[in-house]
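Throughout, a chain's letter reflects where its sequence line sits, starting with A, and its residues are numbered from 1. The structure presented is a predicted model; accordingly, all values stated were derived computationally and were not measured.
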Amino acid sequence: MPETYPFSSRSFVLHQENIDTDQIIPARFLTTTSQAGLGRYAFHDWRFDGNGMPRNDNPLSGCDPHTTSILVTGRNFGCGSSREHAPWALLDFGFRAVISNEIADIFHSNAAKNGLLPIIAPQSAHAWLMEHPGAGIHIDLESQTVEIDGFDSFHFDIEPFAKHCLIENTDPLGFLISKMDEIKRYEEARA
Amino acid sequence: MSRSLFEKVWDEHQVCAETDDTPAILYIDLHLVHEVTSPQAFSALDAKGLKVRRPDRTLATIDHSTPTLPFHKGMSPPYASDANAAQVERLYANTAHHRIELHGWESPHRGVVHVIGPELGATQPGMTIVCGDSHTATHGAFGALAFGIGTTEVGHVLATQCLLQRKPKSMRIHVSGQPGPGVSAKDIILAIIARIGIDGGTGHVIEYTGEAIEALDMEGRMTLCNMSIEAGARAGLIAPDQTTFDYLQGRPHAPSGAEWDEAVAHWSDLRSDPDAQFDKMVEINIDALKPVVTWGTAPDTGIAIDAQIPPPKTASDAKALDYMQLQAGQDIAGAKVDRVFIGSCTNSRLNDLRAAASVMKGRRIPASVTALVVPGSVIVKRQAEDEGLDKVFKAAGAEWREAGCSMCIAMNGDKGAPGELIVSTSNRNFEGRQGPGVRTVLASPAVAAAAAVTGQITDPAKLKQVAHA
């Protein structure tokens with residue numbers, strides 16, 4: 001999990017709406033029993049043709065996540081399946097945050113748990129970012145602020161417990177286990 | 001205070017209410033597990049030295065990675081790859097180690113996870129049900145709050161039987177009217193998704209109400225709730241009624257005797273109060289609805305089967321038309337079909353197969369078309385064979401396979417070839433979903449069967465009468 005905040009990077013823009021999890025990682029790569037090394041499958045069929053050769057029309061052409069680790073996309077990113085392989089693949093590819101004006105529910109939840117920051121931008125900032133690939137972006141999780149070089153900064157929402165877990169690098173499972181007495185009482189009361 | 005069905009189920013399962021700082025702790029009654037989204041969760045548990053807390057509330061099956069080609073007892077299943085086989089073997093090992101009920105190859109109840117849960121009677125009204133699978137919404141047909149989760153959350157439920165959740169918003173979709181001939185639950189849900197959009201339900205739990213919903217049998221209700229996620233909603237549910245109770249009574253995991261009466265009394269209270277508030281309300285009338293097929297690469301592109309493909313409104317629409325090799329203004333009927341898939345957690349139950357068989361009966365699939373019929377479970381397969389449906393499919397020239405997810409997710413070796421157009425009874429028509437470069441048209445079982453026997457998208461009502469033997 002990427003652990004340092006705040007961080008800065010340039011944006012990489014994907015102009016499409018409704019980028020579904022089958023695009024993010026095609027289902028035939030879900031036969032793994034590990035979560036490591038999935039970056040090579042990220043947007044696989046956009047990057048490679050049926051023979052495994054690079055595609056000329058690859059929308060990720062020129063994307064170097066070392067310098068462009070903030071993905072900016074059209075509306076409803078991550079729709080479709082519940083596969084956590086999608087954020088695992090994006091993180092392993094090198095992305096650290098996804099900025100859109102809408103992010104699908106299950107992907108949003110999975111991304112936050114793995115440290116791929118799902119950020120919903122206001123329309124004006126989103127529209128500007130979509131038109132300015134390579135924009136310099138600074139993300140501060142503590143203050144929940146995104147600063148954009150050459151444009152206004154904005155505040156973003158994140159579920160407070162998810163934020164706490166990311167900043168403290170805490171496993172939420174520990175919190176659930178700490179409530180085991182309450183869970184047992186609940187079970188006994190219903191039995 | 002008046003509450004919706006969703007709120008009642010939610011409230012009953014709160015171990016701890018949410019605070020500003022922490023989500024609610026939600027108790028999970030039933031955790032369904034399959035081979036694809038669970039191995040990393042079991043590994044996380046094992047690494048922490050944790051046990052599965054309630055194996056008795058956990059039910060596992062193999063469905064996604066499993067081949068559907070028949071094989072002889074005692075032989076190894078013809079897996080498409082070593083990775084597929086390893087994934088299934090891992091679930092065997094994990095469920096044995098943690099003493100979880102697994103419906104593997106040897107089980108007479110094996111099948112698609114969202115088919116066997118209800119079939120076993122494990123899915124019951126008022127329950128919270130989760131699975132590492134977005135089509136868990138299927139179980140909402142029984143008035144359960146059922147939704148898909150990621151693998152990290154699968155680990156949370158395995159270890160604690162609980163989930164950390166913020167309460168979603170609520171949405172009511174009221175469906176009035178009566179379906180015309182040939183209109184099925186699949187057409188209703190495709191029409192709903194086309195109306196509210198692929199993200200129309202994002203952040204919400206949908207409750208489906210109205211006479212058209214009440215008139216559906218349980219299989220139809222499952223088809224409907226199944227595709228809630230295709231409108232962005234993690235869960236969709238329907239208040240339980242006599243239809244629900246009749247379906248469940250006598251099933252292996254359903255209560256019996258005095259416990260049954262007690263359960264029915266409780267389940268009968270599971271409905272939204274008349275003045276319950278919803279964050280969003282939609283009304284749809286289906287009197288004029290015709291069979292629906294999709295033209296694009298998102299499930300909200302459904303149109304009537306006798307309609308023309310609409311002009312593109314967005315760049316995404318234009319891209320979808322290009323991918324689908326279809327033209328705006330063109331009749332969707334008549335588009336050439338290469339392959340047909342009848343199956344998936346959306347449409348692989350007995351009534352689905354009956355609908356498909358009634359269209360295929362006495363007809364032949366042309367040599368240019370390949371058709372695959374994949375029952376949702378071993379039970380469905382046996383029931384279909386008892387009725388002779390398999391003979392109808394085979395006589396028409398379709399392949400009759402073993403139960404599994406098959407070509408819906410196309411990770412078990414069942415898939416289309418690049419450029420092929422597949423009419424599919426599954427739930428997603430995303431680019432490449434059924435194989436790289438494959439073009440998918442979503443439709444009901446009857447429409448898929450009509451596509452198979454004519455080699456083009458065809459309204460089953462337009463087929464010439466055949467003399468049924």
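- Inter-residue side-chain proximity for B:Phe147 and B:Ser228 is flagged as unmet; no heavy-atom pair is nearer than 4.5 Å.
- Proximity to chain B is limited to the side chain of A:Glu159, based on heavy atoms less than 4.5 angstrom apart.
- With a 4.5 Å cut-off on side-chain heavy atoms, B:Leu45 and B:Leu50 count as touching.
- Side-chain atoms of B:Asn84 and B:Ser81 form a donor-acceptor pair, as typed in the model, at a separation below 3.5 Å.
- For A:Arg75, the part lying near chain B is the side chain, with the backbone staying farther off; criterion is any non-hydrogen pair under 4.5 Å.
- Comparing B:Gly437, B:Ala298, B:Pro168, B:Gly203 by how many heavy-atom pairs each has under 4.5 Å with chain A, the most go to B:Gly203.
- Interface residue B:His13: backbone and side-chain heavy atoms are both found under 4.5 Å from chain A.
- Heavy atoms of B:Glu230 lying under 4.5 Å from chain A are absent altogether.
- Heavy atoms of B:Cys162 lying under 4.5 Å from chain A belong to its backbone as well as its side chain.
- In this structure, chain A has heavy atoms under 4.5 Å from both the backbone and the side chain of B:Pro23.
- Options A:Pro87, A:Ala27, A:Gly80, A:Ala104 differ in how many heavy-atom pairs under 4.5 Å they form with chain B, and the most are formed by A:Gly80.
- A:Tyr186 touches chain B through its side chain: at least one heavy atom from C-beta onward sits under 4.5 Å away, while N, CA, C and O do not.
- B:Thr160 and B:Arg53 make their closest contact through O-NH1, 3.5 Å (heavy atoms, listed as atom of the first residue, atom of the second, distance).
- The contact between B:Asp29 and chain A is made entirely by side chain atoms (from C-beta outward), counting heavy-atom distances below 4.5 Å.
- Remark: the A:Thr21 side chain and the A:Ser81 side chain contain an N/O donor-acceptor pair separated by less than 3.5 Å.
- Between A:Trp128 and A:Phe151, the ring-plane angle classifies as parallel under the 30° and 60° cut-offs.
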- Could you walk me through whether B:Val33 and B:Asn94 pass side-chain contact (heavy atoms from CB on, under 4.5 Å), step by step? CA-CA 11 Å; B:Val33 174; B:Asn94 284 330; over 6 Å; no

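- For the options A:Asp171, A:Asp45, A:Ile103, heavy-atom pairs under 4.5 Å to chain B are most numerous at A:Asp171.
- In this structure, the portion of B:Ile25 lying under 4.5 Å from any heavy atom of chain A is its side chain and not its backbone.
- For the set A:His164, A:His44, A:Lys163, A:Glu17, the count of heavy-atom pairs under 4.5 angstrom toward chain B peaks at A:Glu17.
- No side-chain heavy atom of A:Asp20 sits less than 4.5 Å from a side-chain heavy atom of B:Arg428.
- Both cation-pi conditions hold for A:Arg96 and A:Phe7: the charged atom is under 6.0 angstrom from the six-membered ring centre and inside a 45 degree cone around its axis.
- Using a 4.5 Å cut-off between heavy atoms, A:Pro172 touches chain B through backbone and side chain atoms alike.
- In this structure, chain B has no heavy atom under 4.5 Å from any part of A:Asp49.
- For the residue pair B:His204 / A:Asp105, no side-chain donor-acceptor distance below 3.5 Å is found, with atom types taken as modelled.
- When each of B:Ser406, B:Cys405, B:Cys408 is checked for a side-chain contact (heavy atoms from CB on, under 4.5 Å) with B:Ser344, only B:Cys408 meets the rule.
- For B:Asn427, no part lies under 4.5 angstrom from a heavy atom of chain A.
- Contacts between B:Ala315 and chain A at a heavy-atom distance below 4.5 Å are absent for every atom of the residue.
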Passes salt bridge (charged side-chain N to carboxylate O under 4.0 Å, His left out), A:Glu84 versus A:Lys113? Steps please. CA-CA 10 Å; A:Glu84 202 159 320; A:Lys113 284 182 179 61; over 6 Å; no

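- With chain A as partner, the option from B:Leu164, B:Thr314, B:Thr19 having the largest number of non-hydrogen pairs under 4.5 angstrom is B:Leu164.
- In this structure, the portion of B:Ile149 lying under 4.5 Å from any heavy atom of chain A is its backbone and not its side chain.
- The part of B:Ser65 that comes within reach of chain A is its side chain, from C-beta onward, which places non-hydrogen atoms under 4.5 angstrom from that chain.
- Contacts between B:Thr151 and chain A at a heavy-atom distance below 4.5 Å involve backbone atoms as well as side-chain atoms.
- The aromatic ring centroids of A:Phe29 and A:His85 lie 6.0 Å or more from each other.
- Heavy-atom distances place no part of A:Phe107 under 4.5 Å from chain B, backbone and side chain included.
- B:His114 and B:Asp133 share a side-chain donor-acceptor pair at under 3.5 Å.
- Interface summary for chain B: among A:Asn110, A:Ile177, A:Asp22, the most heavy-atom pairs under 4.5 angstrom belong to A:Asp22.
- With a 4.5 Å cut-off on non-hydrogen atoms, B:Lys415 does not touch chain A at all.
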